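Below you'll find the structure, written out as structure tokens, and then a few comments.
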Amino acid sequence: MIKTIYGTKDILPFEISKWVFLENMVREYFKRFNYKEIRTPVFEETILFSRGIGESTDIVSKEMYTFLDRSNTSITLKPEMTASVVRSVLEHSLDKQQILSKLFYISPMFRQERPQAGRLRQFHQFGAEAIGVNSPLLDAEMIVLSYQILKQIGLQKLTVKINSLGTPEERSKYKDSLKTYLEIHLSSLSEDSKKRFYTNILRIFDSKDGGDIEVMKNAPLLIDHLGTGSTEQFETVKSILSELNIPLEVDPKLVRGLDYYTHTTFEILSESVGAQSALLGGGRYDLLAEQIGDRRVPGVGFAAGLERILLACENEKLFAPESDKIDLYLIRLDKELLVEVGLIANRLRAEGLIVEFDYADRSVKAQMREANKLNSSHSLFIGGEEYKDGKLLLKNMNDGDQVVINKDEIHKILNVIKG
RNA sequence: GUGGGUAUAGCUCAGCUGGUUAGAGCGUCUGGUUGUGGCCCAGAAGGUCAUGGGUUCAAAUCCCAUUACUCACCCCA
């Protein structure tokens, strides 16, 4: 038996309505904020991600689906969307056509990680990127927009975390002072953190190792090394958000795992999912365009995990079990009338009714049971004496009332049902 | 990559300390008189008890391995 690949899932018919609901909600909100949808290919040249996201990041160093195609080009299935969107903006010079490109997407992503609750190898994200203008208003807008979407969906147990990573210069200065501090304590760090010391030193803040946490308590914080410009920008973002009553938690240890972030970074967490509690994350990336292109273009964005949001929704019981309905189920009384039933169904479907009938040549009882199971508002009996007299029997499945309809007045069925 | 857990019908799960033909609920199908659903009732189909070894007179049950799934670490949405 061939099965789905490890870490991938089918989304079956009975759960599609939840996805459509979320997608509609997301589209509606992006529309209000005037973001335009963008779709990019599922695969790109590997170098886009290795350069954009950063060689030393976990995503690039061990999680990408990378392969050589038949002409020996290194191809990678997109592990995230920001690099692709920025690439697209640069490639098509959207940044030269307008001062600001406000874009959103809903798309599958691929990362070869070990699956667990809220983490799959093919997963879905929606997100936004505002590219071209460096304004704290946009940083704030990303958080407002994403927070409101989650709220609108009905999620309750949310935490918004925010931090600033400053400019590259501030960051590298800060890294130096962090290095100086950690060199003294290097021997007492965990093995993982020792590695991080060389690869991605900021991540040591995220360590859950007791010894590491002890050491990091007294470590210098980036937030104290920001210049006045960065501090001002950060303060502006925070004050806009507090004016809008977005509950903020400043987390100086919030260090995101992608290299391109500058200034504002943020995450929204939920208590209603498993250990992978980040529903969405994002931040400003003023360096990225230059990394993968030929010019400096500022940007800010976020990405949200659909599966995690769905998981949170389920745990907070936000989805009422909704039952599908159909308008009409055709009951075939005589076996010979197979073709006629098909013709009538076709005519009524052309009128816009949702019509179903039995394809399996089953008994009337079975057909009625099916009509009931499908939640059909009416059923139409085709056959017998009435049919010979040019008549059909239309039955209301709720109250059991039946009316006679002339065969050549099928449009009347429409009136009764849609009444 | 590292650790823990689980694996019995389409689904959710029983099956106690090893002992006859492996069960339930739901779902599916059929029927409860000629052509009428829901509720109810009756019946049927459906399982190499994940796979391979081992212990034993006897294994779904105990042991080992493999595989799959799952949760957690790492990291991320």
Side-chain angles (χ1 to χ4, degrees), chain A residues 1 3-9 12 14 53 56-64 78-82 105-127 146 150 190-193 195-196 199-200 203 206-209 254-258 266-270 273-282 301-312 329 331-335 337 358 360 362-387 393-402:
Chain A
M1 173 96 85
K3 300 192 295 179
T4 53
I5 286 177
Y6 188 47
T8 67
K9 277 214 160 36
L12 296 170
F14 75 89
I53 300 170
S56 70
T57 60
D58 279 22
I59 292 179
V60 172
S61 64
K62 57 184 197 192
E63 294 171 3
M64 294 203 302
K78 59 186 174 192
E80 61 111 38
M81 196 63 177
T82 306
Y105 56 85
I106 303 176
S107 171
M109 305 292 164
F110 307 85
R111 292 183 202 170
Q112 190 163 351
E113 298 181 80
R114 196 69 144 241
Q116 68 185 76
R119 170 188 290 162
L120 290 169
R121 289 184 164 187
Q122 173 175 343
F123 59 104
H124 298 80
Q125 290 186 331
F126 69 84
S146 56
L150 297 182
S190 67
E191 284 308 308
D192 278 342
S193 288
K195 269 182 219 154
R196 293 190 189 112
T199 56
N200 199 345
R203 292 230 62 93
D206 270 0
S207 175
K208 276 145 197 158
D209 178 89
L254 176 64
V255 177
R256 315 219 67 253
L258 294 80
F266 65 94
E267 271 181 14
I268 299 183
L269 310 169
S270 166
V273 290
Q276 307 306 315
S277 59
L279 296 187
L280 60 89
F302 76 91
L306 262 317
E307 281 85 354
R308 286 185 190 177
I309 291 172
L310 241 12
L311 209 63
Y329 194 93
I331 309 289
R332 189 181 58 251
L333 299 177
D334 305 318
K335 293 199 173 185
L337 294 175
D358 173 52
R362 293 186 296 171
S363 68
V364 172
K365 186 191 190 94
Q367 293 181 66
M368 281 304 284
R369 280 183 170 158
E370 184 78 2
N372 192 63
K373 200 184 77 184
L374 295 178
N375 226 331
S376 189
S377 124
H378 289 72
S379 53
L380 185 69
F381 293 84
I382 301 164
E385 291 306 310
E386 292 95 332
Y387 192 78
L393 211 53
L394 182 62
K395 174 169 181 166
N396 183 318
M397 294 295 280
N398 294 317
D399 56 25
D401 283 356
Q402 303 188 153

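Here is how names work: the chains are called A, B, and so on, in the same order as the sequence lines, proteins then strands, and each is numbered from 1. What you see is a predicted model; the values in this text were computed from it and never measured.
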When we call it a touch if two heavy atoms are under 4.0 Å apart, what does [X] touch: a base, just sugar-phosphate, or nothing?
X: A:Gly274; value: sugar-phosphate
X: A:Leu120; value: base
X: A:Ala371; value: nothing
X: A:Gln112; value: nothing
X: A:Leu333; value: base
X: A:Leu393; value: base
X: A:Arg362; value: sugar-phosphate
X: A:Lys365; value: base
X: A:Glu80; value: nothing

Roughly how many Å is it from [atom1] in [X] to [atom2] in [N], rounded to a whole number?
X: A:Asp58; N: B:rC73; atom1: CG; atom2: C1'; value: 12 Å
X: A:Leu311; N: B:rC71; atom1: CG; atom2: P; value: 9 Å
X: A:Tyr329; N: B:rU36; atom1: OH; atom2: C1'; value: 13 Å
X: A:Asp358; N: B:rG37; atom1: CG; atom2: C1'; value: 14 Å
X: A:Lys373; N: B:rC26; atom1: NZ; atom2: P; value: 15 Å
X: A:Asn396; N: B:rG38; atom1: CG; atom2: P; value: 16 Å
X: A:Arg332; N: B:rG37; atom1: CZ; atom2: C1'; value: 17 Å

Identify which nucleotide among [options] has an atom closest to any side-chain atom of [X], counting heavy atoms from C-beta outward.
X: A:Gln402; options: B:rG37, B:rU36, B:rA77; answer: B:rU36
X: A:Lys62; options: B:rA77, B:rG35, B:rC74; answer: B:rC74
X: A:Ala117; options: B:rG37, B:rA77, B:rC71; answer: B:rC71
X: A:Glu63; options: B:rC75, B:rA77, B:rC71; answer: B:rC75
X: A:Gln116; options: B:rU36, B:rC40, B:rA72; answer: B:rA72

Is any side-chain heavy atom of A:Leu333 less than 4.5 Å from a side-chain heavy atom of A:Tyr387?
no
Please determine if a side-chain N or O atom of [X] lies less than 4.0 Å away from the OP1 or OP2 oxygen of [N].
X: A:Lys9; N: B:rU70; answer: yes
X: A:Lys3; N: B:rC69; answer: no
X: A:Thr57; N: B:rC75; answer: no

Please list every stem that involves RNA chain B, where a stem is a run of 3 or more consecutive Watson-Crick or G-U wobble pairs with both pairing distances under 3.5 Å.
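Detected stem regions: B:1-7 with B:67-73, B:10-13 with B:23-26, B:28-32 with B:40-44, B:50-54 with B:62-66.
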Under the 3.5 angstrom rule, does the side chain of [X] hit a backbone N or O of [Y] as a donor-acceptor pair?
X: A:Arg308; Y: A:Leu279; value: no
X: A:Gln125; Y: A:Glu80; value: no
X: A:Glu113; Y: A:Glu63; value: no
X: A:Glu307; Y: A:His124; value: yes
X: A:Ser376; Y: A:Asn372; value: no

Applying salt bridge (Lys or Arg N to Asp or Glu O under 4.0 Å) as the test, list every pair that has at least one member in residues 371-385 of chain A; sequence neighbours left out.
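Residue pairs with at least one partner in residues 371-385 of chain A: A:Glu370-A:Lys373, A:Glu385-A:Lys388.
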Classify the side chain of [X] and the base of [N] as holding, or not holding, a donor-acceptor pair under 3.5 Å.
X: A:Lys395; N: B:rU36; result: yes
X: A:Gln367; N: B:rG35; result: no
X: A:Gln276; N: B:rC75; result: yes
X: A:Arg119; N: B:rC75; result: yes
X: A:Arg114; N: B:rG4; result: no

Using the aromatic ring of A:Tyr6 (for Trp, its six-membered ring), decide whether it stacks on the base of B:rA68 within the limits of 5.5 Å and 30°.
no
Pairing residues for A:Lys62 by the salt bridge (charged side-chain N to carboxylate O under 4.0 Å, His left out) criterion, not counting sequence neighbours:
A:Asp58
Non-neighbouring partners of A:Arg121 that pass side-chain hydrogen bond (donor to acceptor under 3.5 Å, both in side chains), sequence neighbours left out:
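side-chain hydrogen bond (donor to acceptor under 3.5 Å, both in side chains) list for A:Arg121, sorted by chain: empty.
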Dump the intermediate steps for side chain to side chain contact (heavy atoms under 4.5 Å, CB included) on A:Tyr329 and A:Met368, then the final yes or no.
CA-CA 8 Å; A:Tyr329 194 93; A:Met368 281 304 284; over 6 Å; no
What are the residues of residues 375-385 of chain A, sorted by number, that bring a heavy atom to within less than 4.0 Å of RNA chain B?
A:Phe381, A:Gly384, A:Glu385
Determine the interatomic distance between [atom1] on [N] and the same-named atom on [M]; round to the nearest Å.
N: B:rA7; M: B:rC64; atom1: P; result: 15 Å
N: B:rA44; M: B:rG4; atom1: P; result: 46 Å
N: B:rG18; M: B:rU56; atom1: P; result: 16 Å
N: B:rG54; M: B:rU61; atom1: C1'; result: 15 Å
N: B:rU28; M: B:rA45; atom1: C1'; result: 9 Å
N: B:rU55; M: B:rU17; atom1: P; result: 23 Å
N: B:rG10; M: B:rG1; atom1: P; result: 32 Å
N: B:rA24; M: B:rG47; atom1: P; result: 15 Å

Partners of A:Leu310 by side-chain contact (heavy atoms from CB on, under 4.5 Å), sequence neighbours excluded?
A:Lys18, A:Trp19, A:Leu22, A:Phe319
Give me the ring orientation class for A:Phe302 and A:Phe266: parallel if the planes are under 30° apart, tilted from 30 to 60°, perpendicular past 60°.
tilted
For the CG atom of A:Leu120 and the OH atom of A:Tyr6, what is their distance to the nearest 0.5 Å?
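Answer for the CG-OH pair, A:Leu120 versus A:Tyr6, is 10.5 Å.
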